[in-house]
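All remarks here apply to the structure that follows.
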Amino acid sequence: MNTRTTDRPLWHSKLRIEMPSQLDLYEKTKLLQWNATSEVDWSRPIVNFSEASYAPYASSISREDFDRMAAERRASTFTQLFFGEQAALALSAQLVNQCDELEARMCLAGQIIDEARHVEVFGRYLDKLGVDSPIDPMLEGIVHRILDSDFYGEKIVGMQIFLEGIAVGLFQIFQNESPDPLLRDLMRGVLRDESRHAGFGVMYLANKFEHATEAEKKRTEEFVGDLLRGFGALMGGGAFLGSTFSDIRHRLKQIGLDPR
């Protein structure tokens, strides 16, 4: 089983390409970088609600109180996303040493800067909201379990398939439905990055698991079961989770895992 007992990576004597699809992804990573400072107009105020959403409550609550409540709800969600992006940053850094292939490491190095940018934009957005909210301890427990794993299969499934998959579903809702132009602009850039991250996870594990042992596959499938139960308990079901889990199961089947 591919586990690391040391922080030292596997060294290569030359640039040998073992997964051409990963090299193509690395080229896209270089081309599609963006600067959240220069390409986003942060001077705009946040729009926490639409007039249509306020209208049913206009007779019973002031516009200021409704705005505050909307900001608190958004801050609660974005605090979890801010934490998730920090987790993805840490996981990407861990995987640079756990993946042997140079082109995979280069992709992951690109993801590290992507995740650093996401930490930046979500942190700046939370600052503009001006509302503090705690990290959900259940989410924190799931993230720590992924971070503490010594097996690349569990880390990639946990990060690229689950954490990224759930986040992308939320980001798409924000981009399509948010009344806030600033948030929609942020989501456009973040989603462009996330599509590459999901692609890395599926392509890399599909290749690796063609030659994986039954013990490696079984270990990863058991981990998948734990994550399905954990995220199900965290998010409480509903149409969004059902649709997201359906997408996740599809990706797991592409990898060659049985997501029962």
Side-chain angles (χ1 to χ4, degrees), residues 29 32-50 67-95 108-144 146-147 155 158-201 231 234-235 240-241 244 248:
T29 298
L32 297 175
Q33 291 299 303
W34 55 286
N35 188 327
T37 297
S38 61
E39 297 180 38
V40 176
D41 180 3
W42 290 96
S43 66
R44 292 171 290 179
I46 288 178
V47 180
N48 284 314
F49 64 91
S50 66
D67 184 76
R68 176 182 51 79
M69 290 166 44
E72 289 173 351
R73 287 195 300 270
R74 189 171 293 178
S76 177
T77 298
F78 271 79
T79 295
Q80 314 319 312
L81 293 171
F82 182 52
F83 172 62
E85 296 296 347
Q86 293 175 74
L89 176 61
L91 281 159
S92 300
Q94 288 181 338
L95 281 164
L108 287 162
Q111 183 169 349
I112 287 172
I113 192 61
D114 288 345
E115 302 299 357
R117 182 168 52 248
H118 300 173
V119 169
E120 173 196 352
V121 298
F122 286 125
R124 291 174 73 167
Y125 194 79
L126 277 170
D127 284 346
K128 284 182 72 70
L129 278 172
V131 180
D132 292 332
S133 186
I135 296 170
D136 189 300
M138 190 176 296
L139 175 61
E140 190 172 15
I142 293 171
V143 164
H144 284 164
I146 300 169
L147 283 166
K155 285 188 182 296
M159 176 176 65
Q160 311 283 34
I161 308 302
F162 276 86
L163 287 175
E164 302 274 13
I166 292 170
V168 164
L170 291 171
F171 297 162
Q172 289 172 337
I173 291 173
F174 295 144
Q175 186 184 33
N176 294 331
E177 301 179 10
S178 174
D180 185 16
L182 173 58
L183 181 55
R184 293 198 301 270
D185 283 353
L186 296 180
M187 291 300 102
R188 189 176 301 109
V190 169
L191 280 167
R192 190 171 66 188
D193 296 338
E194 298 291 6
S195 65
R196 298 195 304 275
H197 303 169
F200 169 85
F231 279 109
L234 173 67
M235 304 184 71
F240 170 78
L241 189 64
T244 301
I248 287 173

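Because the structure is predicted, anything quoted here is derived from the model rather than measured.
A donor-acceptor contact shorter than 3.5 Å is absent between the side chain of Glu194 and the backbone of Gly189. Judged purely by atom type and a 3.5 angstrom limit, Arg188 has no side-chain atom pairing as donor or acceptor with the backbone of Gln175. Panel note: side chain Ser76, backbone Arg73; no donor-acceptor pair is recorded below 3.5 Å. No donor-acceptor distance shorter than 3.5 angstrom exists from the side chain of Glu85 to the backbone of Leu81, with no hydrogens or angles considered.
Taking CG from Leu234 and CD from Gln80, the interatomic distance works out to 8.0 Å, rounded to the nearest 0.5 Å. Here the CG-NZ distance, from Leu147 to Lys155, works out to 5.5 Å after rounding to the nearest 0.5 Å. Leu182 contributes atom CG, which lies 4.5 Å from atom CG of Leu186 (distance to the nearest 0.5 angstrom). Taking CG of Asp193 as the start and CD1 of Ile113 as the end, the distance is 10.0 Å to the nearest 0.5 Å. The CZ atom of Phe231 lies 11.0 Å from the OG1 atom of Thr244; values are rounded to the nearest 0.5 Å. Atom NE2 of His144 is separated from atom CD1 of Ile146 by 10.5 Å, given to the nearest 0.5 angstrom.
Counting all heavy atoms, side chain and backbone alike, Val143 lies closest to Phe83 at CG2-CE2, 3.7 Å. Closest approach of Ala75 to Ser133, counting heavy atoms only: O-CB, 3.8 Å. The minimum heavy-atom distance linking Pro179 with Arg184 is given by the pair C-NH1, 3.5 Å. Scanning all heavy atoms of the two residues, the minimum distance from Asn48 to Ala70 falls at O-CB, 3.6 Å.
Annotation: side chain to side chain donor-acceptor pair (under 3.5 Å) contacts of Gln33 (sequence neighbours excluded): Asp114, Arg117.
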Output a table of donor-acceptor pairs, distance under 3.5 Å, between side-chain atoms of residues 158-168 and any protein atom two or more places apart or on a different chain; print 'none' if there are none.
from   : atom 1 : to     : atom 2 : distance (Å)
Gln160 : OE1    : Gln111 : NE2    : 3.3
Gln160 : NE2    : Gln111 : OE1    : 2.9
Glu164 : OE2    : Gln111 : NE2    : 3.3
Glu164 : OE2    : His197 : ND1    : 3.4

Donor-acceptor pairs are to be reported for all side-chain atoms of residues 124-131 against protein atoms at under 3.5 Å, with residues two or more places apart or in another chain.
from   : atom 1 : to     : atom 2 : distance (Å)
Arg124 : NH1    : Thr37  : OG1    : 3.2
Arg124 : NH1    : Glu120 : OE2    : 3.0
Tyr125 : OH     : Arg74  : NH1    : 2.8
Tyr125 : OH     : Asp180 : OD2    : 2.5
Lys128 : NZ     : Trp42  : O      : 3.0
Lys128 : NZ     : Arg44  : O      : 3.2

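Inter-residue side-chain proximity for Leu108 and Phe200 is flagged as met; some heavy-atom pair is nearer than 4.5 Å. Within the 4.5 Å cutoff, the side chain of Val47 has heavy atoms near those of the Pro181 side chain.
Ring geometry, Phe171 versus Phe174: the interplanar angle falls from 30° to 60°, so the pair is classed tilted.
No more than 12 heavy-atom neighbours from other residues, nucleotides or ligands sit within 6.0 angstrom of CG on Asp132.
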Set out, in order, the CA-CA distance, both residues' side-chain angles and the distance that settles side-chain contact (heavy atoms from CB on, under 4.5 Å) for Phe82 and Ile135, then state yes or no. CA-CA 9 Å; Phe82 182 52; Ile135 296 170; over 6 Å; no
